[in-house]
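Below is one structure, written out as C-alpha cells; the observations come after it.
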Amino acid sequence: MRKTDRTASTPSSNFIRDIIEEDLRTDRYGGRVHTRFPPEPNGYLHIGHAKSICLNFGLAADYGGLCNLRFDDTNPTKEEIEYVESIKEDVRWLGFDWGDREFYASDYFEQLYEYAVQLIKKGKAYVCDLSPEEIREYRGTLTEPGKESPYRNRSVEENLDLFERMRAGEFEDGSRTLRAKIDMASPNMNMRDPVMYRILHATHHRTGDKWCIYPTYDWAHGQSDSIEGITHSICTLEFEDHRPLYDWFLDQLGIHHPRQIEFARLNLSYTVLSKRKLRILVEEGHVNGWDDPRMPTLSGLRRRGYTPESIRDFCERIGVARADSLVDIALLEHCLREDLNKRAPRVMAVLRPLRMVIDNYPEGQVEWFDAVNNPEDPGMGTRKVPFSRVLYIEQDDFREDPPKKWFRLAPGREVRLKHAYLVTCVQVVKDEQTGEVVELHCTYDPETRGGAAPDGRKVRGTLHWVSAAHALEAEVRLYNRLFTKADPDDAPEGLDFRANLNPNSLEVLTECRVEPSLAGAEVGSHYQFLRLGYFCVDPDSLAGKLVFNRTVPLRDTWAKIERKIKEQRGK
RNA sequence: UGGGGCGUGGCCAAGUGGUAAGGCAGCGGACUUUGGAUCCGCGAUUCGCAGGUUCGAAUCCUGCCGCCCCAGCCA
C-alpha cells in the first residue's frame with residue numbers, strides 16, 4: 001500500500017478521537033464507547049447526515065462499541081412514519097447496522113415524566129402560565145437579562161398538581177408549560193428557565209393520543225442519551241450553547257452522564273443542505289421529489305448512482321473539526337469516480353447519434369468482437385459486441401473543421417473504433433437545407449481487425465460506437481449542478497438561493513443508442529459508458545426502453561484543452 | 001454594548017514547544033486500443049494580524065481584526 005493511501009482502516013486523527021481515547025485512558029465510562037445517531041423523523045436524510053452517521057457508527061466500530069439509532073420524535077406536529085421508514089432505509093443502505101437498538105425518544109415519555117416530577121419535587125422546575133409571547137418578553141435579549149416569571153415560586157404541591165393536570169389534558173395548547181428553574185439573568189439564553197414540556201393536543205405517530213404534553217429537545221435529548229447508556233453524544237456546533245443545560249439536567253437528576261461533543265456540520269459547494277431549503281425545492285417543483293437525482297438527499301444520491309462506499313470514503317476524507325467549512329463537491333465526485341472506476345463494467349453508448357456507413361464493409365456482414373468489461377479488473381471478463389456496415393458514433397466525435405490538437409474524426413482523418421477497426425472518413429453528407437452533418441462515409445482497413453495497425457502506424461483517436469442494426473434505444477438523463485454558485489445563498493439583495501438555481505441542471509436525451517449487451521440491465525446497476533462517464537439504470541426504465549441517469553461524467557481533458565485553445569485565441 | 005465558538009496553501013485537514021503530513025482542485029510531464037485510469041514532478045521561509053515569553057512558537061501569554069452560532073412552547 002502506498003503511504004498516501006487513505007482507507008477506512010486508517011482513519012485520520014481528529015479531536016473527537018482524542019477525547020474518546022482520553023476517556024478510555026482515564027476509565028471515565030468503564031472502557032465503553034456508545035454513540036447514537038438521533039435523527040428527527042421530519043424529513044429525508046442528506047449527505048450532511050451521512051457525515052454524522054459515518055462518524056457515530058464509525059467511532060463505535062473503531063473502538064469496539066455500539067451505536068444506536070434513535071428517533072428524536074418529540075414533536076408530533078412535524079413528524080411522520082414515512083420519514084422513519086426512509087431514514088432506516090438510508091442508514092441501512094449506507095452500510096450501517098444498529099442491531100436491535102432501534103429506539104425512540106417517545107419510548108421514554110413515561111420515564112421523562114417521572115424525571116420531571118423529580119425536578120419539581122427538588123424545586124428545580126415549575127409550571128408557568130405565561131403565554132408564548134409573554135415568555136418571549138420575560139426572556140430578555142442577548143444583552144439584557146430576563147425577568148423572572150410571576151409563577152416561578154409556586155409551591156411544590158401546586159406544581160405537582162398543575163403538572164399532573166397538564167398531562168391529564170385539562171388545559172389548552174399553549175396555556176401552560178413546565179419550565180426548569182435556573183437563572184433568568186444567565187448570559188446563556190438556554191439557561192433562562194427553558195421550557196421542558198409544552199401542551200400539544202396532537203396525535204403522535206407512535207404514542208397516538210396517549211399524551212398531550214410533549215418534552216422539548218433540551219429536556220428529552222440528554223435524558224434519552226442517559227437512559228441508553230450513551231457515553232459520547234455527538235452533535236453539531238449550534239448545540240454548543242445547550243451543553244450547560246444538557247449537563248445541568250443530568251446533574252440535577254444524578255443519573256448516568258454522557259459527554260456531549262460538538263463538531264462542524266457539512267457544507268457542500270453548489271448545493272444546499274438544510275431541510276427547510278430542500279423542502280422548498282421539492283414543494284415548489286424545482287426538482288421532482290426528494291429522490292430527484294439532483295438532490296443531495298441520500299435517496300437522491302442513490303438514484304443518481306452514488307455508491308455507499310463512495311459516500312463513506314468522502315465522509316472519511318473530509319475529516320471532523322470545529323471550523324465552519326465549505327467542502328468542494330469535486331471531492332465527492334472524485335470519491336465516486338474512484339469507486340466506480342474499479343467496479344463499473346464498460347459498455348458503449350452513443351448519446352447523440354451520427355450515422356456512419358463503412359463503404360467497403362460487406363453489406364449484411366456482422367462480426368462479434370470481444371470487448372473487455374473492465375480494464376481495471378480482468379476478472380470481470382469480456383462480452384461480445386456486434387459490428388456491421390452501418391454504425392452510430394457520437395456527434396461530438398466529428399468535426400468538419402477540426403481545431404488544433406483534435407485527434408478524433410474529421411474529413412480524411414483516420415481513427416480507431418474501439419475493439420474493432422481503423423476507419424478513415426472519406427465523405428460527409430449534409431442536410432441541404434440546414435447544412436447539418438447527417439451522415440459520414442468511411443472506409444475501414446481490414447488489416448486492423450481488433451484495432452491494431454500491423455504496420456505500426458500511430459492513431460491517436462479512439463471512438464466508441466454502436467451497430468445501428470443491433471443497438472437498443474434508450475433515454476439518458478444528464479444532470480448538472482443544481483446551483484450556479486458555489487454558495488447558493490450568495491444571492492442578490494432581496495433574493496434567496498432560488499435565484500441561483502441552474503436552469504440547465506437537467507437535460508433529457510431520448511434518441512440514445514446503447515450496445516445490445518445492456519438488454520435486461522437491472523435497475524440501479526452501474527456502467528461506465530466508454531469515454532462519457534458513469535451511468536446507472538433508473539427505476540423509470542420500462543421493458544423495452546431503458547432509462548439511464550448520468551451519475552458523473554469522466555474527467556474531460558479534451559474539454560480543458562479546447563478551453564485553453566479558445567482562451568489563447570481570445571487574447 | 002451579552003454569551004459561546006472558529007481562523008494552517010484555491011477547498012478540506014494533520015500538527016498539542018523542536019523547526020509545516022495527507023487528500024481534493026490546479027499546473028507540467030510519462031504512459032495509454034477510454035483525450036478515462038495509472039505514474040512522476042511542482043507549490044505555505046510560513047500557520048488571521050501585532051507584540052511578548054523561550055536557545056527554539058502554528059503550538060505558551062497579551063492585544064487587535066475577521067467569520068459563525070444563540071432571544072422557537074423547532075431540533
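What you are looking at is a predicted structure, and each value in this text was computed from that prediction instead of being measured. Every chain is numbered from 1 and lettered A, B, ... according to where its sequence line falls, protein lines coming before strand lines.
- In this structure, the salt bridge (charged side-chain N to carboxylate O under 4.0 Å, His left out) partners of A:E338, at least two apart in sequence or on a different chain, are A:R317.
- Checking B:C6, B:C73, B:C70 against every side-chain atom of A:A323, the shortest atom distance belongs to B:C6.
- No contact: A:K275 has no heavy atom under 4.0 Å from any strand.
- In this structure, A:V195 and A:A559 both approach RNA chain B, and ranking their closest nucleotides by distance from the 5' end singles out A:A559.
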Just list the side-chain donor-acceptor pairs under 3.5 Å for residues 258-265 of chain A, sequence neighbours left out, or say none.
unit_1	atom_1	unit_2	atom_2	d
A:R259	NE	A:D23	OD2	3.2
A:R259	NH2	A:D23	OD1	3.1
A:Q260	NE2	A:F239	O	3.1
A:Q260	NE2	A:E262	OE2	3.1
A:E262	OE1	A:R243	NH1	2.8
A:E262	OE1	A:R322	NH1	3.2
A:E262	OE2	A:R243	NH1	2.8
A:R265	NH1	A:E238	OE2	2.9

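- Base contact: A:T141 has a heavy atom under 4.0 Å from a base atom.
- Between A:K458 and the phosphate of B:U32, there is no side-chain N or O to OP1/OP2 separation shorter than 4.0 Å.
- Residues A:T177 and A:M196 fail the side-chain proximity criterion, which asks for heavy atoms closer than 4.5 Å.
- Among the heavy atoms of the strands lying under 4.0 Å from A:V320 are primed sugar atoms or P, OP1, OP2 only; no base atom is included.
- For B:U34, the base has a donor-acceptor partner in the side chain of A:Q528 [N/O atoms by modelled type, under 3.5 angstrom].
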Reading 5' to 3' and counting Watson-Crick or G-U wobble pairs with both distances under 3.5 Å, write the dot-bracket notation for RNA chain B, | for bases paired outside the strand.
.(((((((.[[[..)..(...]]].(((((.......))))).....[[[[[..)....]]]]])))))).....
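- Listed nucleotides: B:A75, B:A71, B:G36. Nearest to the side chain of A:R346: B:G36.
- Taking the side chain of A:L331 as heavy atoms from C-beta on, and the options B:G35, B:C11, B:G23, the nearest nucleotide is B:G23.
- Rounded to whole Å, the distance from CG on A:L200 to C1' on B:C74 is 11 Å.
- Comparing B:C74, B:C73, B:U33 against the side chain of A:I135 picks out B:C73 as the nearest.
- Salt-bridge check for A:E137 with A:K147: failed, with every basic side-chain N at 4.0 Å or more from each acidic carboxylate O.
- Ring-plane geometry between A:W558 and A:W406 is classed as perpendicular, the angle between the planes exceeding 60 degrees on a 0 to 90 degree scale with a lower cut at 30.
- Contacts of A:E40 with the nucleic acid, taken as non-hydrogen atoms under 4.0 Å apart, involve only primed sugar atoms and P, OP1 or OP2.
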Between A:E228 and A:N68, is a side-chain hydrogen bond (donor to acceptor under 3.5 Å, both in side chains) present by the stated rule, with each step listed?
CA-CA 8 Å; A:E228 292 177 18; A:N68 298 351; 2.8 Å; yes
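- A distance-only check finds no donor-acceptor pair linking the side chain of A:E40 to the backbone of A:D73 [under 3.5 Å].
- Nucleic acid contact for A:F239: base, since at least one base atom lies under 4.0 Å from a heavy atom of the residue.
- Taking atom CD of residue A:E338 and atom P of nucleotide B:C24, one finds them 7 Å apart after rounding to whole Å.
- Note on A:R198: a side-chain N or O is less than 4.0 Å away from OP1 or OP2 of B:C74.
- Residues satisfying the ring pair (Phe, Tyr, Trp, His ring centres under 6.0 Å) test with A:F71, not counting sequence neighbours, are A:Y104.
- Under a 4.0 Å N-O distance rule, the pair A:R408/A:E394 does not qualify as a salt bridge.
- Taking the six-membered ring for Trp and thresholds of 30 and 60 degrees, A:Y214 and A:H204 have nearly parallel ring planes, at less than 30 degrees apart.
- Residue-level contact check: A:F407 touches the bases, meaning some heavy atom is under 4.0 Å from a base atom.
- At the heavy-atom level, A:H464 lies nowhere under 4.0 Å from the strands shown.
- Across all strands, A:R136 comes closer than 4.0 Å only to sugar-phosphate atoms, never to a base (heavy-atom distances).
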Go along nucleotides 15-20 of chain B 5' to 3' and tag each nucleotide: B for a protein heavy atom under 4.0 Å from its base, S when only backbone or sugar atoms are that close, - otherwise.
SB----
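- The existence of a salt bridge linking A:K181 and A:D193 is excluded, since no basic side-chain nitrogen approaches an acidic carboxylate oxygen closer than 4.0 Å.
- Rounded to a whole Å, the CG atom of A:D241 is 12 Å from the C1' atom of B:G2.
- With hydrogens and angles ignored, no donor-acceptor pair closer than 3.5 Å exists between the side chain of A:R555 and the base of B:G35.
- A close approach under 4.0 Å does occur between a side-chain nitrogen or oxygen of A:R322 and OP1 or OP2 of B:C6.
- Classification of A:K405 and A:E562 as a salt-bridged pair fails, no side-chain N sitting under 4.0 Å from a carboxylate O.
- Contacts of A:H221 with the nucleic acid, taken as non-hydrogen atoms under 4.0 Å apart, are absent.
- Nearest to the side chain of A:E376, among B:G36, B:G35, B:C68, sits B:G36.
- Rounded to whole Å, the distance from CG on A:L340 to P on B:U38 is 13 Å.
- Atom-to-atom, NZ of A:K418 to C1' of B:A37 comes out at 11 Å; the value is rounded to the nearest Å.
- Atom-to-atom, CD1 of A:I16 to P of B:A14 comes out at 10 Å; the value is rounded to the nearest Å.
- For A:F314 and B:A13, the CZ to C1' distance is 13 Å, given to the nearest whole Å.
- With a glycosidic angle more than 90° from 0, B:G22 adopts the anti conformation.
- Within the 4.0 Å cut-off from OP1 or OP2 of B:C24, at least one side-chain nitrogen or oxygen of A:H334 is found.
- Proximity note for A:E238 (side chain, C-beta onward) versus B:A13, B:G23, B:C69: the nearest is B:C69.
- In terms of phosphate contacts, A:T74 brings a side-chain nitrogen or oxygen within less than 4.0 Å of OP1 or OP2 of B:A75.
- Two residues, A:R139 and A:E240, neighbour RNA chain B, and the one matched to the more 5' nucleotide by heavy-atom proximity is A:E240.
- Protein atom CZ of A:F263 is 13 Å distant from nucleotide atom P of B:A14, rounded to whole Å.
- No engagement by A:W219 is indicated, since no non-hydrogen atom pair under 4.0 Å with the nucleic acid exists.
- When the ring pair (Phe, Tyr, Trp, His ring centres under 6.0 Å) test is applied to A:H46, the partners found at least two apart in sequence or on another chain are A:H49.
- A:L332 comes within contact range of no nucleotide atom at all, as no heavy-atom separation falls under 4.0 Å.
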